2 protein chains.
Amino acid sequence: MLSGKARGRISARTEEAVRAAAAELGYRPNVAARALRTGVARSVALVVPDITNPFFGRVLRGAQRAAQEASYTVVLVDIGNNRAWEAASVEALLAGPADGLLLFEADLPPGTSEHAIQIEMAPGGEFPVVRLDVEAGVDHALDHLLELGHTKIGHVASNFDAPTFDLRAARIAARLGPVPTVMAPFTFEGAKVAAAAMLDEDVTAVFCDDDILAGGLYLAARERGVSIPGDLSVVGFDDLDFARVLAPPLTTVAVDAEGLGALAFSALAADLAGESVPPEQVMPVSLTVRESTAPPA
Amino acid sequence: MLSGKARGRISARTEEAVRAAAAELGYRPNVAARALRTGVARSVALVVPDITNPFFGRVLRGAQRAAQEASYTVVLVDIGNNRAWEAASVEALLAGPADGLLLFEADLPPGTSEHAIQIEMAPGGEFPVVRLDVEAGVDHALDHLLELGHTKIGHVASNFDAPTFDLRAARIAARLGPVPTVMAPFTFEGAKVAAAAMLDEDVTAVFCDDDILAGGLYLAARERGVSIPGDLSVVGFDDLDFARVLAPPLTTVAVDAEGLGALAFSALAADLAGESVPPEQVMPVSLTVRESTAPPA
DNA sequence: TTGTAAGCGTTATCAG
DNA sequence: CTGATAACGCTTACAA
């Protein structure tokens with residue numbers, strides 16, 4: 001009765017009384033028993049590549065907020081940027097605790113029949129995808145640079161193999177043709193050494209796949225005495241909190257990470273409820289212009 | 001039998017055969033049924049104030065790694081810096097999914113008999129606590145500043161009410177007596193406006209309760225044209241990734257957030273296993289000296 | 001409107 | 001060493 005399925009079967013007075021008594025005694029339905037009986041755990045798993053990256057923290061918060069509202073619980077799986085762990089981790093989830101999966105840049109062993117939503121992946125796969133409008137993001141960034149008068153633009157790309165980064169590269173190529181490119185890892189230190197090579201290229205502006213990569217470029221530029229934006233304009237992607245506090249503040253593509261997480265959860269909830277969910281949903285992005293971009297010298 | 005409780009009751013050959021068949025058919029024990037029968041879900045909940053803060057991301061990763069090794073699952077609850085949500089959120093957990101709680105700067109309704117570990121809280125409460133050696137952290141920072149020759153030191157304190165911040169203030173007071181203090185919120189923008197007031201004080205160095213607060217101070221200093229460390233030395237706390245990329249790189253107290261998370265999980269696991277756990281465990285910290293500190297002008 | 005009973009998939013116990 | 005059986009706490013269907 002406490003599950004709310006009593007529609008009109010019992011009197012309001014009785015219901016009231018029972019609820020009061022339940023509250024009085026501190027009664028809590030046993031979720032394990034309910035899960036066993038109904039086959040539904042009201043819990044979803046979120047798989048992220050690196051929870052240490054603040055971007056995923058925001059996605060997680062969005063998903064968790066939405067989940068909480070629907071009285072779902074979210075269990076976190078952090079792949080730790082280590083693809084080897086991925087299979088094992090996801091495998092563990094399939095064993096049961098989760099009704100469905102929110103997969104951020106992760107794949108499922110093919111044929112595994114499970115409810116899942118993929119985040120920031122290419123559409124056309126087995127599961128619905130929810131993603132950022134990456135193409136619009138690079139368009140905004142490139143338009144801004146082009147308007148400023150830059151013609152020699154470089155690309156500091158992520159060396160993490162994920163569709164979202166392929167999309168960035170493809171869009172840049174489509175707009176500008178081949179451009180000087182370096183691949184950088186997702187840490188300030190690593191990105192710094194990788195990005196240093198970009199300073200030897202003949203470019204007046206660079207687009208970075210992510211703010212962290214831009215941070216690495218800042219480090220390299222500082223070490224080499226190249227001034228931003230005087231000698232080099234730089235634009236990042238994600239608008240992480242620290243972009244604001246860089247010197248100079250970073251011009252970057254702002255994305256709604258929490259919204260992305262929340263949207264992914266809603267899609268999964270809809271799927272679990274048997275509703276049909278669109279094969280692809282994309283979140284708009286915008287450009288936040290700060291002080292790291294200026295006309296070329 | 002698959003639960004491994006068959007110690008010598010069946011032959012190795014039989015066991016082998018059964019396991020093979022199980023793997024063949026893709027059999028997975030149903031966790032809900034197991035949880036119902038055994039009363040144990042092999043799952044713990046981690047409650048954090050703000051998952052958006054990279055510090056908690058690191059704690060979460062540490063806890064998750066340790067949990068995964070023990071084949072536990074961790075469910076996340078993000079309070080969102082909103083104390084009002086806290087009770088409701090924790091309440092939801094008590095309903096069942098979690099065998100135990102990892103409470104970061106959170107309290108449990110008193111008397112709630114549950115297995116829990118408190119992180120970064122004052123010892124002496126109902127549950128064992130695991131925390132950073134905050135006192136040593138401020139000692140390191142203060143010693144460093146004192147050695148540099150600073151005598152007029154200010155304190156940018158967190159306005160978030162948590163024992164760890166009380167500890168910092170108490171230690172500073174014990175070492176230096178009353179010092180100019182401003183309270184700042186946990187965002188760059190908010191901290192910037194709060195920290196601006198510190199620039200009007202007669203101080204040559206500032207200790208910040210957290211790197212984020214230090215970032216706010218950087219912003220205020222930049223706006224007012226005060227140079228770091230020329231006019232003002234600043235030291236932060238936590239050694240978040242972005243501390244490295246600030247200009248100048250921030251001198252800060254480095255803490256092992258992942259280790260903290262892992263330690264907290266182990267303590268909880270021990271508690272769950274019926275082992276006794278020490279009422280207080282503290283993690284050592286160290287000072288990372290970078291370029292935001294120098295002798296007073 | 002209310003009561004009763006079956007069964008979800010495990011694990012544990014107790015005879016065989 | 002093996003096989004049958006009860007019980008965990010809940011939901012649901014059906015009988016009263």
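No hydrogens, no waters, no symmetry mates; every other heavy atom, side chains included, goes into these values. These numbers come from a predicted model, not from an experiment. Chain naming here is simple, since letters A, B, ... match the order of the sequence lines and numbering starts at 1 in each.
Arg34(A) places its CZ atom 21 Å from the P atom of dT10(C), with the value rounded to the nearest Å. Taking atom CG on Leu36(B) and atom P on dA12(C), their separation rounds to 13 Å, with Å as the unit. Rounded to whole Å, the distance from CZ on Arg42(A) to P on dT11(D) is 12 Å. In this structure, CZ of Arg37(A) is placed 16 Å from P of dA5(C), rounded to the nearest angstrom.
A side-chain donor-acceptor contact under 3.5 Å links Glu120(B) to the backbone of Leu132(B).
Ring centroid separation for the pair Phe237(A) and Phe165(A) does not come in under the 6.0 Å cut-off.
Listed here is the closest heavy atom pair of Thr187(B) and Gly190(B): OG1-N, 3.0 Å.
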